[in-house]
Amino acid sequence: MEMEKLVSLCKRRGFLFQSSEIYGGINGFWDYGPLGVELKRNIKEAWWRDMVTSHDELSVVAGAPASYEMTGLDCTIIMHPQVWKVSGHYDLFSDRMVDCRETKGRYRYDQLRGQWVEAKGRRVFVTTNAEADDEADDLRRRALKVFRLRNKDADALVWDGPIVSLETVDDFASVFAPQASKVGTLTEPREFNLMLDCYPGPIKDEKNRAFLRPETAQGIFVNFKNVVDSTRVRVPFGIAQVGKSFRNEITPRNFTFRSREFEQMEIEFFCHPDTSTAWYKFWRDRRFRWYQDLGLAGERLQLRDHDPDELSHYSTGTADIEYAFPFLPEGEYGELEGIAHRGDFDLRSHMEGKLNPETNPLEVELGENGKPKYKGSGRDLTYRDDLSNERFTPHVIEPSAGADRATLAFLCEAYCEDEQPSEKGKLETRVVMQLHPRIAPIKAAIFPLVKKDGMPEVAKDIYRAMKKQFPAFYDEKGAVGRRYRRQDEAGTPYCITVDGQTLTDQTVTIRDRDTLKQWRVKIDDVVDEIATRVS
RNA sequence: GCGGGUGUAGCUCAAUGGUAGAGCAUCGGCUUCCCAAGCCGACUACGAGGGUUCGAUUCCCUUCACCCGCUCCA
């Protein structure tokens, strides 16, 4: 399936529009049209219902280590700026970058390393992006190259000082960039603000600087104590939240896949450290199955466990649920959801101050004055088990899903072209969105076969009855074949048609979107029949 | 952010330094008893800003957006 066809259909039928389109659009922002908003709402509601409201906390769910509770939360997009300093987003999201004018390479200013070297009366800062154990060798090779020296003349190189970060260098004209052929090709460092900032309050002042959240998760952590104190929930339990998040993606691209404003569906699941690995596995498998159950059943969906060396030491597992989007190269997958075992990193950070993820055991990252670089809340976020009297900091399993990415994956999966005979028996291409009935924007369409003989009146009565229970669509215009095809593109799973026979025996036909098969049911039963099939 | 490409009707595309066309879709009418049918009619476009020119959708500059490659992707 070519992506262009889906993009075109999304616009034509009202699933997705470019934001601010009449003004030329704005990069990284997308709007959901009349069909799209229903689709996305259905996905979010299915998630909320399946994960939260219909969860049975009295029983042990299949595959779960124990029974557990689920609850929800809806917190603000703008929070205290300290939240993001402690969470690590502030540091991670305000990288400074340098670009190489020659090789077009881009490097993290703090991560590019090098060493001063002098030869032939010139002093150059030679850089490398080689792995740590290869660093010294690469620097030597690069130094020989920049001074046009042979291997045997390596003694002519006079190294000055240790290998240090590019951050220590002021004189960019003397920097020899990786893979470059000459000196001085790097730009001055530029700041990349990966969090969108804002200035709440009437005066735009640095004191008032705050951020639009880059994830919903932190709102759950900072409310952990409130939820425990107000709801009588007991560990293990999960807090779910759906909401908008914002990231200044450097390259928004691939339709809605990488947007700057997007919606997340996140759960933070709190459990005892001893059981966290079992809970991690439960959530990983449960979330994977959720996508399968809603129609991403094929090989384009995969569950990928991160390699142990990809993991932070405090995490015992992270898995991505990925989909082979058609805009990606063959064999590549895009992330729909990440399920991460986060240990006690987040709750402890919000108590003690930002932890340094590189330390083992985890320690608070200190600033130059020996105090925490970013101070925590100082609040006690530990949990006391009423029954065992044990006090501990819960470990966290985080299933974090992208609502827009899920929506896009369901759209991609649903797009289908087949061949169906026309009125004259000739095969014609049909475009059909084979959305799972549960997420389809319109559940059923109702047509009078022709606009006369009292058929519209009967059809309208059925339409009114249906619309009280689920989204339905009435259409009496033009040829019935055309009306069917329109609903196929909208992904409507069922069409109900009132015909001549209806007027004599009170039955109507139901037409199945995917098979085109039709069968007759009594008018009195048709609403229940559809309701059963779409829930 | 860099390099390349593309912006014309709701969609897919055409033509042109001087009145911008088509197919499909949409709307109205007639016809029509099951899969985009037929006939008649209607609506709708040169991404934005500036320049050159008597005149610019066309040439030039800038900008915005989209696509491809690089980069980035906590």
Side-chain angles (χ1 to χ4, degrees), chain A residues 2-5 7-14 17-30 33 84 87-95 97-108 187 190-192 194-195 214-215 217-218 245 247-255 257-258 260 312 318 320 327 329 334-335 338 340 357 400 418-432 447-453 455 476-489 495-503 508-513 515-518 520:
Chain A
E2 300 105 84
M3 203 57 201
E4 288 167 25
K5 287 187 174 176
V7 174
S8 170
L9 181 142
C10 282
K11 176 167 189 195
R12 181 157 37 90
R13 290 301 182 198
F17 307 125
Q18 197 177 7
S19 172
S20 319
E21 196 196 63
I22 61 168
Y23 288 106
I26 176 167
N27 194 307
F29 297 88
W30 298 87
W84 307 110
S87 71
H89 290 85
Y90 181 78
D91 284 345
L92 281 164
F93 273 14
S94 47
D95 298 328
M97 313 282 274
V98 291
D99 289 309
C100 177
R101 297 185 189 92
E102 180 189 338
T103 66
K104 307 302 177 196
R106 166 171 291 169
Y107 310 99
R108 287 263 299 267
T187 61
R190 282 176 289 198
E191 196 165 324
F192 279 71
L194 269 63
M195 283 196 289
E215 63 171 33
Q218 296 303 321
S245 292
R247 295 180 195 178
N248 246 335
E249 300 289 353
I250 296 170
T251 314
R253 203 170 280 193
N254 290 331
F255 207 19
F257 184 77
R258 181 164 289 138
R260 288 184 167 143
S312 315
T318 296
D320 286 342
F327 48 75
E335 183 182 339
S400 169
D418 62 13
E419 301 255 302
Q420 298 297 345
S422 72
E423 194 180 29
K424 297 180 180 116
K426 198 179 75 181
L427 280 179
E428 284 183 355
T429 302
R430 176 180 77 131
V431 175
V432 54
F447 311 141
L449 186 59
V450 292
K451 199 170 63 179
K452 60 180 185 186
D453 300 337
M455 291 180 204
E476 60 180 24
K477 311 263 176 59
V480 75
R482 180 187 301 261
R483 285 178 268 161
Y484 285 142
R485 295 295 171 88
R486 264 200 288 258
Q487 293 305 314
D488 290 340
E489 282 200 342
C495 291
I496 290 127
T497 304
V498 171
D499 58 13
Q501 190 179 329
T502 306
L503 308 175
V508 293
T509 62
I510 300 179
R511 174 245 196 205
D512 181 273
R513 174 194 67 200
T515 64
L516 274 65
K517 292 219 172 75
Q518 287 184 287
R520 302 197 76 91

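Lettering follows sequence order; numbering is per chain, from 1. Keep in mind that this is a model prediction, so the values were computed, not measured.
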- With heavy atoms under 4.0 Å as the rule, sort A/E489 into base, sugar-phosphate or nothing. base
Under a 3.5 Å limit on both distances, the Watson-Crick or wobble mate of B/C59 is B/G51
Closest to the 5' end of RNA chain B, once A/N254 and A/E335 are matched to their nearest nucleotides, is A/N254
Of the listed B/U12, B/C35, B/C33, the closest approach to the A/Y484 side chain comes from B/C35
Next item on the list: May I ask you to say what A/R430 touches in the nucleic acid, namely base, sugar-phosphate or nothing, with a heavy-atom cut-off under 4.0 Å?
Entry: nothing
query: Under 4.0 Å between a Lys/Arg side-chain N and an Asp/Glu carboxylate O for A/R513 and A/D488?
result: no
Under 4.0 Å, heavy atoms only, any strand: does A/F257 hit a base, just the sugar-phosphate, or nothing?
nothing
Quiz item: Looking only at side-chain N and O atoms, does A/N27 come under 4.0 Å of OP1 or OP2 in B/C64?
Solution: no
Residues A/R430 and A/L516: closest non-hydrogen pair is NH1-CD1, 3.1 Å
So CZ of A/R483 and OG1 of A/T497: to nearest 0.5 Å the spacing works out to 7.5 Å
Separation of B/C33 atom P from A/D453 atom CG, nearest Å, is 9 Å
Mate of B/U19 across any strand shown (Watson-Crick or G-U wobble, both atom pairs under 3.5 Å) is none
query = Reckon A/R482 has a side-chain N or O less than 4.0 Å from the OP1 or OP2 of B/A25?
reply = yes
Can you check the distance between B/U16 and B/A56, where both ends of the measurement are the C1' atom (answer in whole Å)? 11 Å
- Message: Please give the distance between the C1' atoms of B/A14 and B/G21 as a whole number of Å.
- Response: 7 Å
Heavy atoms only, 4.0 Å cut-off, all strands: where does A/L516 land among base, sugar-phosphate and nothing? base
| field | Whole-Å C1' distance, B/U8 and B/U58 | value | 11 Å
Answer for the Watson-Crick or wobble partner of B/U8, both distances under 3.5 Å, is none
Whole-Å distance, A/M3 CE to B/C68 P, equals 9 Å
Heavy-atom nearest pair, A/K11 first then A/F17, reads O-CE2, 3.5 Å
Taken to the nearest whole Å, CZ/A/F255 to P/B/C68 is 12 Å
Original post:
For B/C11, does OP1 or OP2 lie under 4.0 Å from any side-chain N or O of A/R12?
Top reply: no
So CD of A/Q218 and NE2 of A/H89: to nearest 0.5 Å the spacing works out to 6.0 Å
Heavy atoms under 4.0 Å, any strand shown: does A/T497 hit a base, just sugar-phosphate, or nothing? base
In this structure, CD of A/E419 is separated from OG1 of A/T429 (nearest 0.5 Å) by 4.5 Å
How about A/F255 and A/F327: are their ring centres within less than 6.0 Å of each other? no
Separation of the C1' atoms in B/G4 and B/U44, to the nearest angstrom: 33 Å
Check your understanding: With a non-hydrogen cut-off below 4.0 angstrom, is A/D499 in contact with a base, only sugar-phosphate, or nothing?
Key -> base
**Message:** Using atom P in both nucleotides, what's the gap between B/A25 and B/C39 to the nearest angstrom?
**Reply:** 12 Å
Counting distance alone, no hydrogens or angles: does the base of B/G10 have a donor or acceptor under 3.5 Å from a partner atom on the side chain of A/R13?
no
Rounded to whole Å, CD of A/E4 lies from P of B/G10 at a distance of 19 Å
Return yes if the base of B/C64 and the side-chain atoms of A/Y23 contain a donor-acceptor N/O pair under 3.5 Å, otherwise no.
no
A/R253 CZ to B/C67 P, in whole Å, measures 7 Å
Taken to the nearest whole Å, CD1/A/I496 to C1'/B/C35 is 16 Å
- Taking only the side-chain nitrogens and oxygens of A/K452, find out if one of them lies under 4.0 Å from OP1 or OP2 of B/U32. yes
Under a 3.5 Å limit on both distances, the Watson-Crick or wobble mate of B/A36 is none
Mind checking A/R483 for me? I need base, sugar-phosphate or nothing, with any heavy atom below 4.0 Å counting as a touch.
nothing
Practice task
Can you tell me, in whole Å, how much space there is between the C1' of B/C30 and that of B/G18?
Solution key: 42 Å
inquiry  = Say we look at B/G1 and B/U57: how far apart would their P atoms be, to the nearest angstrom?
reply    = 29 Å
Under a 3.5 Å limit on both distances, the Watson-Crick or wobble mate of B/A42 is B/U26
Distance col, row A/R520:CZ vs A/I510:CD1, nearest 0.5 angstrom, shows 10.5 Å
A/D488 near the nucleic acid: base, sugar-phosphate alone, or nothing, with a heavy-atom cut-off under 4.0 Å? nothing
Mind checking the P distance from B/C60 to B/U52? Whole angstroms is fine. 16 Å
A/F447 CZ to B/C35 P, in whole Å, measures 13 Å
Assert: residue with more 5' nearest nucleotide on RNA chain B, out of A/Q518 and A/K477, is A/K477
A/L449 CG to B/U31 C1', in whole Å, measures 14 Å
